[in-house]
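Model, not experiment: these values are computed from the prediction.
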Amino acid sequence: GGGGSASGSCRSPAPGRAPLRRLDAYEYANTIRDLLRDEQALAVVFPPEESRHGFSNQADVQGASPLLAERHLLASEELSARAVANLGKLLPCDPTRGDPSACARTFVTSFGRRAFRRPLTPAEVDRFLAVHGDVARDADFSDGVRAVVEAFLQSPTFLYRPELDAGAPVVAGVVRAGPFETAARLSYLLWGSMPDDALLLAAERGTLSSDAGVVAEVERMMRDPRARAHTLHFHRRWLALDRVDAVDKDRTLFPAWKPELRADLRRSVELFVEDVLWNGDGKLGSFLTS
């Protein structure tokens with residue numbers, strides 16, 4: 001990550017593997033929500049996912065079945081069509097004022113930076129601009145934007161989190177994560193979603209290369225409501241709270257039991273988690289012994 005000083009305070013770093021991670025359904029929905037500012041994205045349905053120890057974002061068990069690829073395709077078509085329905089909200093410029101091709105380039109560059117969680121290369125900008133131009137020629141500017149969004153949402157660079165900083169030096173078999181890779185690690189760890197503009201700007205300015213810079217961003221991000229929601233999601237998976245939905249009781253032995261109590265049982269655990277983490281000392285010992 002971004003730990004250590006520029007000279008490297010750790011003489012024998014052992015960061016472990018950095019596998020190619022795919023966005024699971026939860027991360028995908030959160031990312032779409034923040035990328036397209038589309039709250040309906042949380043309703044996107046994907047095939048059941050494999051999990052390990054209750055977590056579906058474990059890279060070693062993540063597959064990419066034909067059914068999942070098809071669902072990604074259908075989701076990209078649906079989401080891109082909905083996004084361009086409010087073009088003014090999506091575009092950083094007005095194509096009716098000035099050169100439409102310049103506006104298309106501005107959109108591809110700015111949207112791509114957020115979708116790929118890093119700046120686009122010149123070749124990538126040209127490729128997505130070609131998508132826009134090909135469609136817009138036969139339709140209109142809006143259809144070109146829709147095609148570009150659809151292409152981004154189907155790109156492996158969006159669906160996966162590759163760590164391919166070609167400029168990073170290899171020291172004793174270890175590669176330091178680049179600034180944008182560090183930003184993505186932080187955002188998916190703390191929010192289960194993409195980096196926001198402030199975090200991308202911190203990566204761009206190089207402030208994530210120091211401990212102080214990382215700590216400052218973490219403290220800012222933990223004040224965001226997304227941190228609270230994501231922390232609760234982690235505990236739901238860790239404690240397998242979904243199983244509560246299947247709990248049943250013998251009505252003869254437990255005449256007061258009713259199915260509606262399942263939601264109360266689950267919510268009681270969630271409230272306890274939130275109380276220890278956000279109102280208490282936040283320590284694991286307190287969580288396990290309170």
Salt bridge between [X] and [Y], side-chain N to carboxylate O under 4.0 Å?
X	Y	result
Asp60	Arg17	yes
Glu270	Arg266	yes
Arg118	Glu181	no

- Determine, step by step, whether Arg176 and Glu163 satisfy the salt bridge (charged side-chain N to carboxylate O under 4.0 Å, His left out) criterion, reporting the C-alpha distance in whole Å, the side-chain angles of both residues, the deciding distance to 0.1 Å, and the verdict. CA-CA 10 Å; Arg176 180 184 291 276; Glu163 299 192 346; over 6 Å; no
Check the side chains of [Y] and [X] for a donor-acceptor pair under 3.5 angstrom, ignoring hydrogens and angles.
X	Y	result
Ser142	Asp140	no
Ser56	Asp24	yes
Glu150	Ser76	no

So, the side chain of [X] versus the backbone of [Y]: is there a donor-acceptor pair under 3.5 Å, distance only?
X	Y	answer
Arg21	Gln58	no
Glu219	Ala216	no
Ser187	Ser193	yes
Trp191	Met221	yes
His233	Ala229	no
Asp143	Ala136	no

### Query
Does atom CZ of Arg251 have more than 12 heavy-atom neighbours from other groups under 6.0 Å away?
yes
| query | For Arg267, does the CZ atom have more than 12 heavy-atom neighbours from other residues, nucleotides or ligands under 6.0 Å away? | reply | yes
Pairwise distance [atom1]([X]) to [atom2]([Y]) - rounded to 0.5 angstrom:
X	Y	atom1	atom2	result
Thr31	Arg114	OG1	CZ	10.5 Å
Gln62	Leu23	CD	CG	8.5 Å
Thr207	Glu204	OG1	CD	10.5 Å
Leu199	Leu208	CG	CG	6.0 Å
Leu79	Leu35	CG	CG	9.5 Å
Asp196	Asp34	CG	CG	8.5 Å

#### Entry: Intermediate values then yes/no, ring-ring contact (aromatic ring centres under 6.0 Å, His included), Phe55 and Phe234
CA-CA 8 Å; Phe55 296 95; Phe234 166 82; 5.4 Å; yes
Query - Intermediate values then yes/no, salt bridge (charged side-chain N to carboxylate O under 4.0 Å, His left out), Glu78 and Arg82 - result: CA-CA 6 Å; Glu78 176 185 337; Arg82 200 157 65 221; 3.3 Å; yes
Heavy-atom nearest pair, Arg146 first then Ala81, reads CG-N, 4.1 Å
Would you check if the distance from the ring center of [X] to the ring center of [Y] is below 6.0 Å?
X	Y	value
Phe46	His72	yes
Phe116	Phe180	no
Phe107	His132	no
Phe287	Phe272	yes

Q: Apply salt bridge (charged side-chain N to carboxylate O under 4.0 Å, His left out) to Arg236 and Asp242, showing your working.
A: CA-CA 7 Å; Arg236 286 188 185 121; Asp242 288 345; over 6 Å; no
*I would like to know whether Trp257 and Asp250 meet side-chain hydrogen bond (donor to acceptor under 3.5 Å, both in side chains); could you show each step before the answer?*
CA-CA 8 Å; Trp257 169 259; Asp250 187 324; over 6 Å; no
Taking the side chain as C-beta and beyond, is there a heavy-atom pair between [X] and [Y] under 4.5 Å?
X	Y	answer
Tyr28	Arg33	no
Thr157	Phe152	no
Pro92	Phe111	no
His230	Leu189	no
Arg105	Leu129	yes

Is there a chain of hydrophobic side chains (I, L, V, M, F, W, Y, each step under 4.5 Å between heavy atoms) that links Met222 to Val214?
-> yes
### Task
Apply side-chain contact (heavy atoms from CB on, under 4.5 Å) to the pair Leu265 and Val269, showing each step before the final yes or no.
CA-CA 7 Å; Leu265 290 170; Val269 178; over 6 Å; no
* Before giving the answer on side-chain contact (heavy atoms from CB on, under 4.5 Å), spell out for Val215 and Val218 the whole-Å C-alpha distance, their side-chain angles and the decisive distance to 0.1 Å. => CA-CA 5 Å; Val215 168; Val218 168; 5.7 Å; no
